[in-house]
Amino acid sequence: MRKPDFNNILKVLQRQTPDRPTLFEFFLNPPLYAFLAGCDPSEFSYPYVKPEPVMSAFAAAGYDYATVHGSAFHFSTGQKDSEKTHSLNDGAVITDRESFESYVWNDPDTFDYSAIKDIKPPQGMKLMVCGPTGILENVIALCGYENLCIMTYEDSQLVYDIFEQVGSRLLRYYELSIKHKAVGILMCNDDWGFNTQTMLSPIDMRKYVFPWHKKIVKLAHETGIPAVLHSCGNLNEIMDDIIDDLKYDGKHSYEDNIICVEDAYRKWNSRIAILGGIDLNFVVSRTPEEITERSRLMLELGKTGYALGTGNSVPDYVPWENYFAMTKTVLK
């Protein structure tokens with residue numbers, strides 16, 4: 001175990017060379033959290049996990065920060081058919097103007113943010129606050145993906161109004177979350193794409209989604225902290241927007257079948273920090289020796305503006321020996 005030093009991940013996000021190789025991860029999984037923190041897995045029950053045990057687990061694993069939620073704020077949706085996988089049409093509660101008008105919106109100001117206000121991270125460590133998913137993900141959860149796509153053609157004003165309701169509340173959630181001194185990074189976690197394209201057209205992304213992300217990034221920068229985007233899918237058509245318009249400091253989530261992290265680093269690192277990227281399928285299916293070697297080579301390539309981690313997260317089907325094969329490359 002090494003002592004956290006937040007300045008390392010901060011240097012990565014400033015596209016500088018950290019004092020030592022640095023880890024980055026969106027989230028782990030309850031059994032792994034519990035093992036690292038030395039506590040019961042029941043302390044890590046979703047959808048909201050208190051920050052203290054998560055912070056202990058991240059510190060024990062060698063990270064300089066911990067990913068937490070500011071509060072239990074969320075958008076209420078209908079019942080999903082499955083907990084782990086489900087259709088993007090499941091649980092839709094807003095399908096037209098009438099259901100929009102009758103929907104009861106949760107108010108971020110009514111939720112409790114005292115856990116991150118009062119927390120005292122280990123010396124040298126800070127928190128990265130993520131959202132209850134992001135702008136587009138929450139709109140899809142509320143409307144259903146197919147319904148949303150149809151709405152963009154049949155009732156664009158309704159689509160605009162839904163995004164305004166979601167975006168304004170997420171902006172307020174972040175405003176309430178990042179004002180506390182323990183918070184050092186804002187993460188907006190919002191999946192935008194499939195393997196081949198964005199979920200909405202780039203034109204509609206710029207019309208409905210990006211204005212709210214721009215406000216969230218501006219909020220982070222005005223508060224004096226960097227902003228990181230976690231977004232899955234093929235975003236090649238909109239990377240210039242992410243970098244030049246939205247002005248994110250770092251981008252996370254890469255897949256080998258879209259663009260491998262090595263190529264992403266060569267293409268974009270002069271403009272944005274590249275985070276994680278060791279493909280999740282690679283981490284699951286390859287040997288620990290192969291994972292260690294790819295991680296070592298990526299660290300050699302990414303001496304500036306790069307932090308090592310998976311391409312997405314560490315779900316519970318990742319073998320622990322494979323996860324630790326990756327992280328030990330940094331901890332050496």
Practice item. Mind listing the closest non-hydrogen atom pair of Asp40 and Ala34 along with its distance? Key: C-CB, 4.0 Å

Review point. Quick check: are there more than 12 heavy atoms from other residues, nucleotides or ligands sitting under 6.0 Å from OH of Tyr103?
Key: yes

Check your understanding: Hey, is Lys11 close enough to Asp64 for a salt bridge, meaning N to O under 4.0 Å?
Key -> no

Review point. Excluding sequence neighbours, so at least two apart, what forms ring pair (Phe, Tyr, Trp, His ring centres under 6.0 Å) with Tyr63?
Key: Phe58

Practice item. Could you grab the distance from atom CG of Leu32 to atom CH2 of Trp320, nearest 0.5 Å is fine? Key: 5.5 Å

Practice item. Could you pull out the closest heavy-atom pair between Trp192 and Leu235, with the gap in Å? Key: CB-CD2, 3.7 Å

Exercise for review: Dump the intermediate steps for side chain to side chain donor-acceptor pair (under 3.5 Å) on Asn236 and Asn234, then the final yes or no.
Suggested key: CA-CA 6 Å; Asn236 292 337; Asn234 191 328; 3.2 Å; yes

**Study point:** Counterpart residues, salt bridge (charged side-chain N to carboxylate O under 4.0 Å, His left out), relative to Glu290 (two or more places apart)
**Key:** Arg286

**Study point:** Pairs where residues 249-294 contributes a residue and the test ring pair (Phe, Tyr, Trp, His ring centres under 6.0 Å) is met, not counting sequence neighbours
**Key:** Phe24-His252, His230-His252

Check your understanding: What residue among Phe100, Trp212, Phe210, Tyr208 forms ring-ring contact (aromatic ring centres under 6.0 Å, His included) with Phe163?
Key -> Tyr208

Review point. Is it the case that more than 12 heavy atoms not belonging to Gln123 sit under 6.0 Å from its CD atom?
Key: no

Practice item. Answer with yes or no whether the side chains of His180 and Tyr113 bring together a donor and an acceptor at under 3.5 Å. Key: no

Check your understanding: Taking the inter-plane angle between the rings of His74 and Phe111 on a 0 to 90° scale, is it parallel (under 30°), tilted (30 to 60°) or perpendicular (over 60°)?
Key -> perpendicular

Review point. Above 12 or not: heavy atoms from other molecules or residues under 6.0 Å from CD of Glu300?
Key: yes

Study note, to complete from the structure: For residues 180-206, the salt bridge (charged side-chain N to carboxylate O under 4.0 Å, His left out) pairs (sequence neighbours left out) are Arg206-Asp241

**Study point:** Side-chain donor/acceptor of Arg169 to backbone N/O of Pro108, under 3.5 Å
**Key:** no

Exercise for review: For the residue pair Thr310 and Glu25, confirm or rule out a side-chain donor-acceptor distance under 3.5 Å.
Suggested key: yes

**Study point:** Contacts of Cys260 that satisfy side-chain contact (heavy atoms from CB on, under 4.5 Å) - sequence neighbours left out
**Key:** Asp256, Glu262, Asp263, Arg294

**Study point:** Spacing of Ser56 atom OG and Leu36 atom CG [to the nearest 0.5 Å]
**Key:** 10.0 Å

Exercise for review: Determine, for Phe6 and Lys126, whether the Lys NZ or Arg CZ falls below 6.0 Å from the six-membered ring centre while staying within 45 degrees of the axis.
Suggested key: yes

Check your understanding: Backbone N or O of Asp244 within a donor-acceptor pair of the Lys247 side chain at under 3.5 Å?
Key -> yes

Review point. Any side-chain donor paired with an acceptor under 3.5 Å for Thr110 and Asp107?
Key: no

Practice item. Could you tell me whether a side-chain N or O of Tyr33 sits under 3.5 Å from a main-chain N or O of Leu28, the two making a donor and an acceptor? Key: yes

Review point. Thinking salt bridges, do Arg97 and Asp161 make one under a 4.0 Å N-O criterion?
Key: yes

Review point. Taking everything shown except Glu293 itself, do over 12 heavy atoms lie less than 6.0 Å from its CD?
Key: yes

Check your understanding: Do Cys130 and Val68 have side chains that get closer than 4.5 Å, going by heavy atoms?
Key -> no

Practice item. Working to the nearest 0.5 Å, report the span between CE of Met128 and CG of Leu13. Key: 9.0 Å

Check your understanding: Can you name the residues that form a ring pair (Phe, Tyr, Trp, His ring centres under 6.0 Å) with Tyr145, not counting sequence neighbours?
Key -> Phe194

